[in-house]
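Predicted, not measured: the structure shown is a model, and the values here were computed from it.
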Amino acid sequence: MDADTDSPALHLAQDPEADELLSRSRLAALTGMLLDQQVPMEWAFKGPATIARRMGTDDLDAHEIAAQDPEAFAALLAEKPAVHRYPGSMAKRIQQLCQYLVEHYGGDAEGIWRDAGSGAELLRRLQELPGFGKQKAQIFLALLGKQLGVTPTGWREAAGAYGEAAAYRSVADITGPESLAKVRAHKQETKAAAKAAKGGEKS
């Protein structure tokens, strides 16, 4: 159930340096998932590489991030170009995530799924992470199963619609520019449908 030593290549940031880090660092992938809200997906998943570069390292370390001075870490994320539209609040969330990983998994992101006995258990563990609601947890679970070789029993069911094969609903389904375009189109259709439903309620 652990990720393979030869990490599969992720293409979520559509940027070689950022995607290389996401592919080898599970903390980077988790951090990108945390950042993936209220900004374009590629911007969110470039974040981990930007943070690592500004910290003077080529990887993210949960212990190191957890121990950062909160104001200094927020300033690091706010440097131009900012890591997120809301760098202050996201800096706080990233530190909370890393502090949780240090406390519960010795700072090892892979500890979340290494001994998870089922998809349902892994989903529960992901939902316990600071900043991870059910939807974000299901999307990350689908990413683990579809692209990172983490496939505990029942993972597709636990991931809900995001776990379906040949679906283009989320970052879990992005393997390059073509699938990115399909996911983006699906999101636009979903937004349009929600807007239309809301309009129907008013009339």
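- Residues Tyr168 and Leu143 share a hydrophobic cluster, clusters being chains of Ile/Leu/Val/Met/Phe/Trp/Tyr side chains in contact below 4.5 Å.
- Under the 3.5 Å distance criterion, the side-chain polar atoms of Gln127 are left unmatched by any main-chain donor or acceptor of Phe132.
- Once rounded to the nearest 0.5 Å, the distance linking NE2 of His186 with OG of Ser170 reads 8.5 Å.
- Note that CD of Glu164 and CD of Glu157 are 10.5 Å apart. Values are rounded to the nearest 0.5 Å.
- Partners of Arg124 according to the side-chain hydrogen bond (donor to acceptor under 3.5 Å, both in side chains) rule, which considers only residues two or more places apart in sequence or in another chain, are Glu128.
- When all heavy atoms of Gly145 and Thr151 are compared, the pair lying nearest together is O-CG2, 3.6 Å.
- Side chain of Gln147 to main chain of Ile174: a donor-acceptor pair is present (N/O by atom type, distance under 3.5 Å, no hydrogens or angles).
- Salt bridge status for Asp19 with Lys46: absent, with no side-chain N to carboxylate O gap under 4.0 Å.
- Of all heavy-atom pairs spanning His11 and Thr175, the tightest one is CD2-O, 3.2 Å.
- A salt bridge does not link Lys182 with Asp173: every distance from a Lys NZ or Arg NE/NH1/NH2 to an Asp or Glu carboxylate oxygen is 4.0 Å or more.
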Decide yes or no on salt bridge (charged side-chain N to carboxylate O under 4.0 Å, His left out) for Arg184 and Glu42, but give the supporting numbers first. CA-CA 11 Å; Arg184 190 153 276 148; Glu42 302 95 312; 2.8 Å; yes
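- Between the side chains of Tyr162 and Gln135, at least one donor N or O lies within less than 3.5 Å of an accepting N or O.
- At a threshold of 4.5 Å between non-hydrogen side-chain atoms, the residues Asp108 and Leu101 do not count as touching.
- Judged by distance alone, the side chain of Arg54 and the main-chain N or O of Leu76 form a donor-acceptor pair under 3.5 Å.
- Taking CE of Met55 as the start and CG of Leu60 as the end, the distance is 7.5 Å to the nearest 0.5 Å.
- Rounding to the nearest 0.5 Å places NE2 of His84 at 6.0 Å from CD of Gln38.
- Remark: the backbone N or O of Ile65 is paired with a side-chain donor or acceptor of Gln95 at under 3.5 angstrom.
- Formation of a donor-acceptor pair under 3.5 Å by the Glu20 side chain with backbone atoms of Pro16 is not found in this model.
- Separating the CZ atom in Phe73 from the CD1 atom in Ile94 is a distance of 5.0 Å, to the nearest 0.5 Å.
- Note: the hydrophobic cluster containing Val39 does not contain Ile51 (ILVMFWY, side chain heavy atoms under 4.5 Å, direct or indirect links).
- Heavy atoms from other residues, nucleotides or ligands lying under 6.0 Å from NZ of Lys92 number 12 at most.
- Side-chain N or O atoms of Trp43 include one that pairs as donor or acceptor with a backbone N or O of Val83 at under 3.5 Å.
- Nearest heavy atom pair, residue Lys134 against residue Leu123, reads O-CD1, 4.5 Å.
- Using modelled atom types, no side-chain atom of Arg169 and backbone atom of Val183 make a donor-acceptor pair closer than 3.5 Å.
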Apply side chain to side chain contact (heavy atoms under 4.5 Å, CB included) to the pair Asp36 and Ile139, showing each step before the final yes or no. CA-CA 11 Å; Asp36 187 21; Ile139 291 171; over 6 Å; no
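- In this structure, CZ on Phe140 lies 7.0 Å from CD1 on Ile112, to the nearest 0.5 angstrom.
- Of all the heavy atoms in Leu10 and Leu22, the pair that sits closest is CD1-O, 3.6 Å.
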What verdict does the side chain to side chain contact (heavy atoms under 4.5 Å, CB included) test give for Leu27 and Glu110, after you've listed the backbone C-alpha separation in whole Å, the side-chain angles of each residue and the deciding distance to 0.1 Å? CA-CA 8 Å; Leu27 177 56; Glu110 291 189 35; over 6 Å; no
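- Side-chain contact between Arg53 and Glu17 is present, with at least one heavy-atom pair separated by less than 4.5 Å.
- Distance alone, capped at 3.5 Å, is enough to place a donor-acceptor pair between the Arg156 side chain and the Gly163 backbone.
- At distances below 3.5 Å, not a single donor-acceptor pair connects side-chain atoms of Thr31 with backbone N or O atoms of Pro48.
- Residue Ala28 comes nearest to Leu21 through the heavy atom pair CB-CG, 3.7 Å, listed as atom of the first residue, atom of the second, then distance.
- Here the closest heavy-atom approach between residue Asp58 and residue Arg24 is recorded as O-NH2, 2.6 Å.
- Using cut-offs of 30° and 60° for the angle between ring planes, the Tyr105 and Tyr100 rings count as tilted.
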